[in-house]
S.K.: 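First the structure, then my questions, so here it is.
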Amino acid sequence: SVPKVTKQDRAILDLKIQRDNLKRYQKQIETIRNREHEIAKRHLAAGRKDRALIALRRRKYQESLLEKTDGQLENLEQMVSTIEFSLVEVSVLHGLKQGNEVLKQIHKEMNLESVERLMEETAEARAYQQEVSHMLANTLTLDEEDEVQEELRRLQEE
């Protein structure tokens, strides 16, 4: 069977794709930021302070973009975690619901009257077994003992 892709799975995938895109964007910003720093160094070494200042301003702008993407990235990761945990909660809830249904079915099969009747039948069966055991374990009555002795005497005479 092929696993079914749900709306929740699609939403999580979309969020993770957005997260990956943001990470790629952050790398681009980092590259630009480093390049602007190098440009500022070169301009300063060449004595063009105004151009170095412009490069540093562009670098500062890139840093602010980097901070914004960090915040967005954090929001995306929180959203993914929240959705995944909610799916786990739904799964647990579904399991509890199924367990509750099974318990209800078992309780229907084991109502109090049937349990009481079964307990009475068990008690009766135990009492009968005790009676049989008692009968077998008891010694013979005097008449029965006399008959056994008589039979033994006859066997000896034969």
S.K.: Determine whether L53 and Y61 fall in the same hydrophobic cluster, where Ile, Leu, Val, Met, Phe, Trp and Tyr are linked whenever their side-chain heavy atoms lie under 4.5 Å apart.
M.R.: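 Result: no, two separate clusters.
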S.K.: Does one hydrophobic cluster hold both L66 and Y25, with members joined at side-chain heavy-atom distances below 4.5 Å?
M.R.: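 They do share one cluster, since a chain of ILVMFWY contacts under 4.5 Å joins L66 to Y25.
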S.K.: Check each of E151, Q156, E157 against R153 using the side chain to side chain donor-acceptor pair (under 3.5 Å) test, and report the only one that passes.
M.R.: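 Of the listed options, the one satisfying the test is E157.
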S.K.: Taking E30 first and then R33, would you say they form a salt bridge - that is, a charged N and a carboxylate O separated by under 4.0 Å?
M.R.: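 Counted as a salt bridge, because a side-chain N and a carboxylate O are separated by less than 4.0 Å.
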S.K.: Applying the 4.5 Å side-chain criterion to the ILVMFWY set and letting contacts propagate, would V80 and L73 be lumped into a single cluster?
M.R.: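 Yes.
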S.K.: Got a second to check how far Q72's CD is from L65's CG, nearest 0.5 Å?
M.R.: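 Rounded to the nearest 0.5 Å, the CD-CG separation comes to 9.5 Å.
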S.K.: Show the nearest heavy-atom pair for residues Q8 and L87, with the distance to one decimal.
M.R.: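 What the structure gives for the nearest pair is CG-CD2, 3.5 Å.
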S.K.: Would one find more than 12 heavy atoms of other residues, nucleotides or ligands at under 6.0 Å from atom CZ of R51?
M.R.: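 No, because the 6.0 Å sphere around CZ of R51 holds 12 heavy atoms or fewer from other groups.
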S.K.: Could you grab the distance from atom CG of L22 to atom CD1 of I29, nearest 0.5 Å is fine?
M.R.: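 Answer for the CG-CD1 pair, L22 versus I29, is 9.0 Å.
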S.K.: Under 3.5 Å, which donor-acceptor pairs do the side chains of residues 90-101 form with other protein atoms, sequence neighbours left out?
M.R.:
from : atom 1 : to  : atom 2 : distance (Å)
H94  : NE2    : Q98 : NE2    : 3.2

S.K.: Roughly how far, to the nearest 0.5 Å, is the CG atom of L15 from the CD atom of E77?
M.R.: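 The CG atom of L15 is 11.0 Å from CD of E77, to the nearest 0.5 Å.
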S.K.: When hydrophobic residues are tied together by side-chain contacts of less than 4.5 Å, even through go-betweens, does L76 share a cluster with I83?
M.R.: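 Yes, L76 and I83 fall within the same hydrophobic cluster.
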S.K.: Would you be so kind as to tabulate the donor-acceptor pairs closer than 3.5 Å made by side chains of residues 35-44, with sequence neighbours excluded?
M.R.:
from : atom 1 : to  : atom 2 : distance (Å)
E36  : OE1    : R58 : NE     : 2.9
E36  : OE1    : R58 : NH2    : 3.0
E36  : OE2    : R58 : NE     : 3.2
H43  : ND1    : R48 : NE     : 3.3

S.K.: Nearest 0.5 Å, please: how far is CD in Q62 from OG1 in T69?
M.R.: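 These two atoms lie 10.0 Å from each other.
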S.K.: Determine, stepwise, if the pair D9 / T6 fulfils side chain to side chain donor-acceptor pair (under 3.5 Å).
M.R.: CA-CA 5 Å; D9 294 335; T6 64; 3.2 Å; yes
S.K.: If you count every heavy atom of other residues, nucleotides or ligands that lies below 6.0 Å from E113 atom CD, does the total exceed 12?
M.R.: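 Counting neighbours around CD of E113, 12 or fewer heavy atoms of other residues, nucleotides or ligands fall under 6.0 Å, so no.
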S.K.: List the steps, then state whether salt bridge (Lys or Arg N to Asp or Glu O under 4.0 Å) holds for E131 with R126.
M.R.: CA-CA 9 Å; E131 242 179 85; R126 266 194 262 139; over 6 Å; no
S.K.: Rounded to the nearest 0.5 Å, what separates atom CG in L56 from atom NZ in K49?
M.R.: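 L56 atom CG to K49 atom NZ measures 11.0 Å (nearest 0.5 Å).
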S.K.: If you round to the nearest 0.5 Å, how far is CD of E67 from CD of Q26?
M.R.: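 Those atoms lie 11.0 Å apart.
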